[in-house]
Amino acid sequence: MAATEIELTPDQRLALETELRALADDEFVLAERYVEWQVHAPTLESDLALANIAQDELGHARLWYDLLEELGYDETDLLWERAPETFRHATLAELPFPEGEWADAIVRSYLFDVAEELRLEALAESAYPAIADRVGKIQREEDYHVEHAENWLERLADGDDGSDHLQDAVDRLFPHALAIFVPAEPVPFGAETVSADGSGAEPYTDGDALPDAATVEETIVEEGYRTETLATLGERWLDRVVPTLESYGLRTPVPADGDITDELVPAACGRNGRHTDDWDALYDDFTHTYRELGRDEATLIMDRPE
Amino acid sequence: MPSETQPETDATPCAYTEYREGPVVDDLPATGAGATGTEAEVWDALYAVEDPEMPVSIVDLGLIYDVGVDDGLARVDMTLTYSGCPARDMLQTDVREAVAAVDGVDDVDINLVWSPEWSVGLVTEAGKADLREFGLSI
């Protein structure tokens with residue numbers, strides 16, 4: 001069943017869009033960072049591995065953006081002409097790699113891919129059929145991402161120098177990884193998605209009237225778009241990554257009682273629409289060619305031949 | 001061709017290029033066997049479309065899940081081997097042009113579907129023969 005055949009109330013639509021934006025933006029922005037490694041990884045095989053993982057993530061971003069397109073957006077709205085503050089990826093995805101820090105790429109991939117694995121499990125039985133239909137495809141392609149990261153974690157942890165770099169990366173990235181489990185601030189419907197008679201979408205074209213992130217998160221779960229809360233997924237993620245990192249002799253900022261408080265999450269965490277300064281530079285980079293060529297549509301790089 | 005310098009038993013396939021057999025899915029691969037009239041002609045047209053990377057028909061590759069023609073509108077349900085496939089637009093254009101050229105088809109509707117996900121298990125016997133000839137071990 002195509003998404004467009006399902007009648008959505010404004011609250012349902014807002015919940016669906018919010019979940020899809022978080023999913024799609026995480027994948028897209030992380031891939032934009034990964035490709036920087038394509039010419040800088042420590043071995044040719046690592047170049048290929050990171051490039052390949054980036055290609056997977058871009059493919060997955062496309063699957064999620066497709067569903068937003070079914071709701072009335074096009075690629076220019078979702079990427080090339082989208083206001084940078086409306087991106088909802090966790091800041092883990094946007095942080096630049098400190099020069100030469102291969103350990104950062106490995107820790108980032110590990111933290112992200114475990115989270116993605118858990119999130120996909122909670123989408124497999126989504127009440128929105130087009131989401132559930134995509135999960136198997138993505139899971140199949142994700143299988144080796146965690147394995148790749150764990151192999152490298154083990155290799156880097158097997159030496160003082162590598163361990164120091166890993167610990168630095170964990171210290172830097174862990175708070176931004178917690179951002180993955182922060183409910184995303186909804187984005188008002190753009191005028192382009194409101195149908196001619198204004199049906200359905202009208203109440204949320206005004207940002208002031210939007211429900212808050214926690215309310216939208218409740219709707220996402222109540223409607224069954226995702227079958228677990230972000231809080232539950234966050235606990236499962238901690239249960240996986242903390243013992244693994246500790247087994248490599250790495251410390252995490254999680255207190256002994258396991259309680260995560262808001263103070264551990266950066267104020268600008270991405271999901272809340274606040275980003276690091278590095279996001280502006282990355283956004284300018286990936287939209288540069290589109291702007292330089294003066295494009296106003298996405299698919300065609302060149303004019304069609306007459 | 002056997003290597004002249006390495007005994008064949010030394011072959012060590014890349015651990016991450018794992019072509020697993022997928023689950024057997026009822027009604028797939030769809031090949032158009034039994035189709036009649038315009039639908040049969042649409043299947044013929046699709047057989048002529050090849051994957052951009054390998055000389056094999058997209059039907060034999062198992063990418064076409066269903067075809068229907070209703071009052072001049074042809075609907076093609078298809079998938080891609082890989083979500084990050086860089087030839088997505090190109091393949092859809094090829095399919096659209098091939099199907100639109102069939103007599104009795106006025107319009108083409110392409111549905112990209114992802115479930116059940118494509119796997120090597122959906123390649124037809126003819127497709128496997130083509131891929132072997134191309135040099136893939138399948």
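In what follows, every heavy atom counts, from backbone to side chain, and hydrogens, waters and symmetry copies are set aside. All of these numbers come straight from a predicted model, not from anything done at the bench. Chain letters run A, B, ... following the sequence lines, proteins first and then strands; every chain starts at 1.
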### Query
When B:S83 is tested against each of A:K137, A:R134, A:E141 for side chain to side chain donor-acceptor pair (under 3.5 Å), which residue passes?
A:E141
### Query
Who passes side-chain contact (heavy atoms from CB on, under 4.5 Å) against B:Q92, sequence neighbours left out?
B:R88, B:D89, B:I110, B:L112
### Task
Below 4.5 Å from any heavy atom of chain B, which atoms of A:Q55 appear? Answer side chain, backbone, both or neither.
both
### Task
Sort and list the pairs that fulfil salt bridge (Lys or Arg N to Asp or Glu O under 4.0 Å) and have at least one residue in residues 90-109 of chain B, not counting sequence neighbours.
none
### Query
How many angstroms lie between CD1 in A:I138 and CH2 in B:W114, if you round to the nearest 0.5 Å?
9.5 Å
### Message
So, taking the atom named CH2 in B:W118 and the one named CZ in A:R140, what distance separates them when rounded to the nearest 0.5 Å?
### Response
8.5 Å
### Where A:N52 and B:Y82 come nearest, the two heavy atoms and their spacing
O-OH, 3.9 Å
### Query
With respect to chain B, which residue among A:D66, A:V135, A:L58 yields the maximal number of heavy-atom pairs within a distance under 4.5 Å?
A:D66
